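Written out below as structure tokens is the structure these notes cover.
Source: prediction; values computed, not measured. Counting starts at 1 for both ligands and their atoms, following the listed order. Keep in mind that the numbers below use all heavy atoms, side chains included, and drop hydrogens, waters and symmetry copies.
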Amino acid sequence: MSRYDLEYRSFSLSLAEPLETASGTIESRDGFLVRVSRADGAVGYGEATPLPGWTESLADCEAALERARDALDSGDEDGALEAVDEAVAARYGVSLALADLAASSESIPLYRYYAPDSLVARVPVNATVGDGSVEETVSAARDAVERGFRCCKLKVGRRSVEADVERMRRVREVVGPSVELRADANGAWDYEEALAAIEAFDEDDVALVEQPLPAGALEGHAELRGRGVGIALDEGLLEHGVDAICEARAADAVVLKPMALGGLDVAQQVATWVDQFGVTPLVTTTIDGVVARTGAVHLAASLPDPPACGLATGDLLAEDLGRDPVLFENGAAVVPQAKGLGVEGVWAE
Ligand SMILES: O=C(O)CCC(=O)c1ccccc1C(=O)O
Ligand SMILES: [Mg+2]
């Protein structure tokens, strides 16, 4: 007898404007909305939105969701998560739907399912600024600060280091000294370029650079630390895992993307583990729909004292799966306190 039913529907969401990054341009996000329902009428939502280079393909994601559905149909609950074990986006979709259902049944917001005794009103967030021209970059950063953001992350690495240093310098002039600035090179630089960028960024009080060197580099990242600008590993976390990074002392922070790690439960474990080594966990999305994005907000809310997280990516989309339950104000995401994820109206019949 099956206790749960799993259904999924495909969607395609275009970005308001293509997001330029050093590892490619993101124009749309295609994936699957997942719904798990229990015989008593309780439901939970999840979202599996693969991103080439970061997760399984769309086809592999769908095949994994189909296996999970079949496992649940035959009453095999453990089998459902085993079926998506090798497909991180599908695993996020299924595990999020099950967690949303479980937290909803207990009438607690999802973050308290992971951090039972906590009460968290808001988590700080960064604005995400694409790798555009100086004018585009300055205008996007100025806009973000006018909307209340206190931290901006600039995508870098598509042009020369000098050009990126110029972009950063102009942004610092415009936003003033108190806004935190970060960069994300998505692995674009070699060691010499990264060193030059970091030394120049330090003069503009840049707090952090994500993935200056390719994912494979560990020693190089370790060498780049301690120069005033923090080093965060993103692609590198997926390539090496936590232990190798901590052992090589290769990072000040690691970037946790639930879609790329296979779910909030996995990301929670990674966060708790890296924290033991003094490495800061930093939660971001993969530019997802509202269901996956809100899951990431709950993950950040479940962590003690998170830094500004890359969760304010909803505005990058031209359309969404439903209404966004997360309000952004004064540089923070207001954490939904309704039961479960707090996402409604995404599965209109
Ligand atoms: O962290 C953010 O500000 C937003 C998320 C982001 O930058 C991103 C989005 C999609 C794919 C990769 C990345 C990345 O952090 O490298
Ligand atoms: Mg990154």
Taking atom types as modelled and ignoring hydrogens, do the side chains of [X] and [Y] form a donor-acceptor contact shorter than 3.5 angstrom?
X	Y	result
Lys257	Thr284	yes
Asp30	Ser12	yes
Thr49	Arg29	no

**Asked** To the nearest 10 degrees, how large is the angle at the Mg ion (ligand 2) between Asp234 OD2 and Glu210 OE1?
**Response**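 It rounds to 100°.
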
[X] neighbourhood, listing ligand 1 atoms whose heavy-atom distance to it stays under 4.0 Å:
X	result
Thr285	5 (C), 9 (C)
Leu51	10 (C), 11 (C)
Thr128	2 (C), 3 (O), 4 (C)
Gly310	1 (O), 2 (C), 3 (O), 4 (C)
Ile287	9 (C), 10 (C)
Trp54	12 (C), 16 (O)
Asn186	14 (C), 16 (O)
Thr284	1 (O)

Evaluate [X] for polar contact with ligand 1, using N/O atom pairs at a separation under 3.5 Å.
X	result
Thr286	no
Asn126	yes
Glu235	no
Thr313	no

**Asked** How far is atom 1 (O) of ligand 1 from its nearest protein heavy atom, and which residue and atom name does that atom have?
**Response**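 It is Lys153 NZ, 2.8 Å.
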
**Request:** May I ask you to identify the nearest protein heavy atom to atom 15 (O) of ligand 1, giving residue, atom name and distance to one decimal place in Å?
**Result:**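 The closest one turns out to be Lys257 NZ, 2.7 Å.
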
Using a strict cut-off of less than 4.0 Å between a Lys/Arg side-chain nitrogen and an Asp/Glu carboxylate oxygen, indicate whether [X] and [Y] qualify as a salt bridge.
X	Y	answer
Asp85	Arg67	no
Arg293	Asp288	no
Glu106	Arg112	no

**Asked** Picking from Lys155, Arg158, Arg159, what satisfies salt bridge (charged side-chain N to carboxylate O under 4.0 Å, His left out) with Glu20?
**Response**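 Only match with Glu20 under salt bridge (charged side-chain N to carboxylate O under 4.0 Å, His left out): Arg158.
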
**salt bridge (charged side-chain N to carboxylate O under 4.0 Å, His left out) partner of Asp252, chosen from Arg227, Arg182, Arg225** =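 Exactly one option meets the salt bridge (charged side-chain N to carboxylate O under 4.0 Å, His left out) with Asp252, and it is Arg225.
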
**Asked** Does even one non-hydrogen atom of Gln211 get within less than 4.0 Å of ligand 1?
**Response**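 Not so, Gln211 does not reach ligand 1.
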
**Prompt:** Does CD belonging to Glu319 count more than 12 external heavy atoms closer than 6.0 Å?
**Reply:**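 Counting neighbours around CD of Glu319, more than 12 heavy atoms of other residues, nucleotides or ligands fall under 6.0 Å, so yes.
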
**Asked** Within a reach of under 6.0 Å around CZ of Arg249, are more than 12 heavy atoms found that belong to other residues, nucleotides or ligands?
**Response**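 Atom CZ in Arg249 is not crowded, with 12 or fewer foreign heavy atoms closer than 6.0 Å.
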
**Message:** Over 60° means perpendicular and under 30° means parallel, so tell me whether Tyr111 and His298 are parallel, tilted or perpendicular.
**Reply:**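 Parallel, since the angle between the ring planes stays under 30°.
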
**Item:** the Mg ion (ligand 2) to nearest N/O/S of Asp184 less than 2.8 Å
**Value:**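 Here the distance criterion (N, O or S atom, under 2.8 Å) is met by Asp184, so yes.
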
